[in-house]
Amino acid sequence: MANFYTDNPDLRHHLEHPMMRKIVELKERNFSDADKFDYAPLNFEDAMDNYQRVLEIVGEICGTTIAENAESVDHDGPTVADGRVTYAPGTQVNLDLCRKAGLMGMAMPRRFGGLNFPITPYIMAADIVSRADTGFENLWGLQDCAETLYEFGNDDQRSRFIPRVCEGETMSMDLTEPDAGSDLQSVMLKATQKEDGSWVLNGVKRFITNGDSDIHLVLARSEEGTTDGRGLSMFIYDKRNGGVNVRRIENKMGIKGSPTCELVYKNAPAELVGDTRMGLIKYVMALMNGARLGIAAQSVGVSEIAYREALAYAKDRRQFGKAIIEFPAVSEMLAVMKAKLDASRSLLYECARYVDLYKVLEDIARERPLTADERKELKNYKKLADALTPMAKGLSSEYCNQNAYDCIQIHGGSGFMKDYACERIYRDARITSIYEGTTQLQVVAAIRHVLTATYRTLIDGYAATEVRPELQAVKDTLANMAEAYYAAAADVSAANNQEYTDLMARRLVEMAGFTVMGYLLLLDAQRNESFTKSLHVYVNLAQAEITKHADFIARVKPEQLDYYKA
């Protein structure tokens, strides 16, 4: 089987982005760990070599084992008995291999047993794992819950729990409940403080990914008599202490290897993370942003395997005396799939780099006061990360679903059968635009960055970059797309009608996203000519979509709102 890192040169292109030098030098504190840990890099080149070596290991494991186990895991699934979950045999093999390879706690500091990876190469590993088995990425990828522990836990909690994650223990985030899905303010799992100051949890959680994990981050209501987000706090529950049982595993459409559990808490001992009342307002928001970036990576990985399966089938399948890839209707579908894949991957890593920059500056601020320039940079990078995270999650998951759909379409009737991987890919893809916040909720998070011109500032920055003469015509088209987006946003804002803004929000966010991804592909093509084809295909596609959205916004006026109410 292939190595899922080395067989995809696009990954190395994104890993070697010019911004990585600044990220690595900040993350490594000028490589001060080299004196303390024999596996710490000596310089930037050494760090990049380390990332590539680890990603090659990820790619090897994914290509030779995880991808090979995906079909059996989908068939077997996890089971539950006596309140405990048993993974499918293939899942257990996958986890054991990742533990032995040291691929748990990758982004955690070395003093806790981690690899001290920046977010960008860690997200790249998630991209690769998702291509191999979408459901397994949910288990492996929940190690990023440790980031929330690192950011908001106290020194004692960090020293006790994070090394366990780095050694291979699993995590979960227990947020949703039967009556509190996206509306987390409605969480009612009760946290009670005992006379000795300790806490216990009572209640039910539902739709909990990897719900029988070793270490849980739990959102619970700590303030008696409250009903909104201000009464919620975050807690750590350690499975070793008992008190939580799995009532059942959900029977899902896809990602079947990942146990989605209903949990019953009965006087479960727990530890408070940070301050009371800040669970939803501060800690869960940080946790969810990390999870949304992870789902964006998962979406890109699914797009990758959907495209590869479709391409391989189109080359092999013959009809009317020739391979079906030779038919324009099929070759166009493949070109569009690849363009959507490339565009969503470019957006993913642009977002990851901004997350890296603001998180590392926040971490430095725990060690020393930031300079005025550093504080300004932190504020700017955080705003850009906040703007790009919902865009990346929302648009990448939609493209992922579209690519999975087209993968089946190219397979024709065979794609409807379980004999081909595309049937499983299609089922696995569907959840990406739902969990960790539906696409509609990502629009709610993103629209303020349309109205406050965050996206416009970003786009204007891209537009200022000079390109080779042969790319100038595409750049001019992108400038026209940007102007159409700016004009539509101005028209909606001028109406000063919240209902009208809500109706147009998805279109405006998509217009911004199409423009951002177009410019990112332009910059990719400027650095690497292999992206030129996807650039042209994507810009043609995006231009048509922006024209369609602009026309709708121009036609539908606030006085027509009643037409769009159920």
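Numbering of residues begins at 1 and proceeds along the displayed sequence.
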Quiz prompt | Salt-bridge contact R353-E350 (side-chain N to carboxylate O under 4.0 Å) | solution = yes
Quiz item: Partners of Y283 by ring pair (Phe, Tyr, Trp, His ring centres under 6.0 Å), sequence neighbours excluded?
Solution: F152
Quiz item: Quick check: does any side chain N or O of E398 sit under 3.5 Å from a backbone N or O of S433, one acting as donor and the other as acceptor?
Solution: no
Quiz item: Does any donor atom in the side chain of S397 or S299 lie under 3.5 Å from an acceptor atom in the other side chain?
Solution: no
Quiz item: Which pairs with one or both residues in residues 185-201 pass salt bridge (charged side-chain N to carboxylate O under 4.0 Å, His left out), sequence neighbours excluded?
Solution: K190-E224
Quiz prompt | Salt-bridge present (R427, D74; N to O < 4.0 Å) | solution = yes
Practice problem: Check ring pair (Phe, Tyr, Trp, His ring centres under 6.0 Å) between F235 and all other residues, then give those that pass, not counting sequence neighbours. | Solution: W199
For residues 123-130, run the donor-acceptor check on the side chains, cut-off 3.5 Å, and write out each pair with its distance to 0.1 Å, sequence neighbours left out.
unit_1: D127; atom_1: OD1; unit_2: R345; atom_2: NH2; d: 3.2
unit_1: D127; atom_1: OD2; unit_2: R345; atom_2: NE; d: 3.0
unit_1: D127; atom_1: OD2; unit_2: R345; atom_2: NH2; d: 3.3
unit_1: D127; atom_1: OD2; unit_2: Y349; atom_2: OH; d: 2.8
unit_1: S130; atom_1: OG; unit_2: A126; atom_2: O; d: 2.7

Quiz item: Pairs in or reaching into residues 381-400: which pass ring-ring contact (aromatic ring centres under 6.0 Å, His included), with residues at least two apart or in two chains?
Solution: none
Quiz item: Looking only at heavy atoms, which two atoms of R131 and E304 are closest? And how far apart?
Solution: CD-CG, 3.7 Å
Quiz item: In a check of side chain to side chain donor-acceptor pair (under 3.5 Å) between T260 and each of K252, R206, R248, E250, which one passes?
Solution: K252
Quiz item: Taking atom types as modelled and ignoring hydrogens, do the side chains of N94 and D133 form a donor-acceptor contact shorter than 3.5 angstrom?
Solution: no
Exercise. Can you sort out the partners of P41 under side-chain contact (heavy atoms from CB on, under 4.5 Å), two or more places apart, ordered by chain and number?
Key: E28, F31, D46, A47, N50, R110
Quiz item: Q143 and L103: which non-hydrogen atoms are nearest, and at how many Å?
Solution: NE2-O, 3.1 Å
Quiz item: Have D386 and H449 got a donor and an acceptor in their side chains that come within less than 3.5 Å?
Solution: no
Practice problem: List in chain and number order the residues that pass ring pair (Phe, Tyr, Trp, His ring centres under 6.0 Å) with H17, two or more places apart in sequence or in another chain; answer none if no residue qualifies. | Solution: none
Quiz item: Do NZ/NE/NH1/NH2 and the carboxylate oxygens of R308 and D7 come within less than 4.0 Å?
Solution: yes
Quiz item: Do E367 and R29 sit within salt-bridge range, that is, some charged N less than 4.0 Å from a carboxylate O?
Solution: yes
Quiz item: Side chains of T209 and N138: is there a donor and an acceptor less than 3.5 Å apart?
Solution: no
Exercise. Would you kindly say whether T389 and N289 are connected by a side-chain donor-acceptor distance under 3.5 Å?
Key: no
Self-check item: Carboxylate-amine/guanidinium proximity below 4.0 Å for K382 and E377
Solution: no
Quiz prompt | Within residues 93-136 or reaching into it, pairs that qualify as ring-ring contact (aromatic ring centres under 6.0 Å, His included) - sequence neighbours excluded | solution = Y51-F117, Y122-W140
Quiz item: How would you list all residue pairs meeting salt bridge (charged side-chain N to carboxylate O under 4.0 Å, His left out) that involve residues 99-108, not counting sequence neighbours?
Solution: D96-R99
Quiz item: Between R230 and D228, is there a side-chain N and carboxylate O pair less than 4.0 Å apart?
Solution: yes
Quiz item: Is it true that the side chains of R111 and N116 contain a donor and an acceptor less than 3.5 Å apart?
Solution: no
Practice problem: Could you verify whether a donor N or O on one side chain and an acceptor N or O on the other, from Y265 and D174, lie under 3.5 Å apart? | Solution: yes
Quiz prompt | Partner set under salt bridge (charged side-chain N to carboxylate O under 4.0 Å, His left out) for K383, not counting sequence neighbours | solution = none
Practice problem: Return each pair, listed once, that meets salt bridge (charged side-chain N to carboxylate O under 4.0 Å, His left out) where at least one residue sits in residues 276-285; pairs must be two or more places apart or across chains. | Solution: E223-R277
Quiz prompt | Summary of salt bridge (charged side-chain N to carboxylate O under 4.0 Å, His left out) pairs that have at least one residue in residues 135-152, sequence neighbours excluded | solution = E151-K359
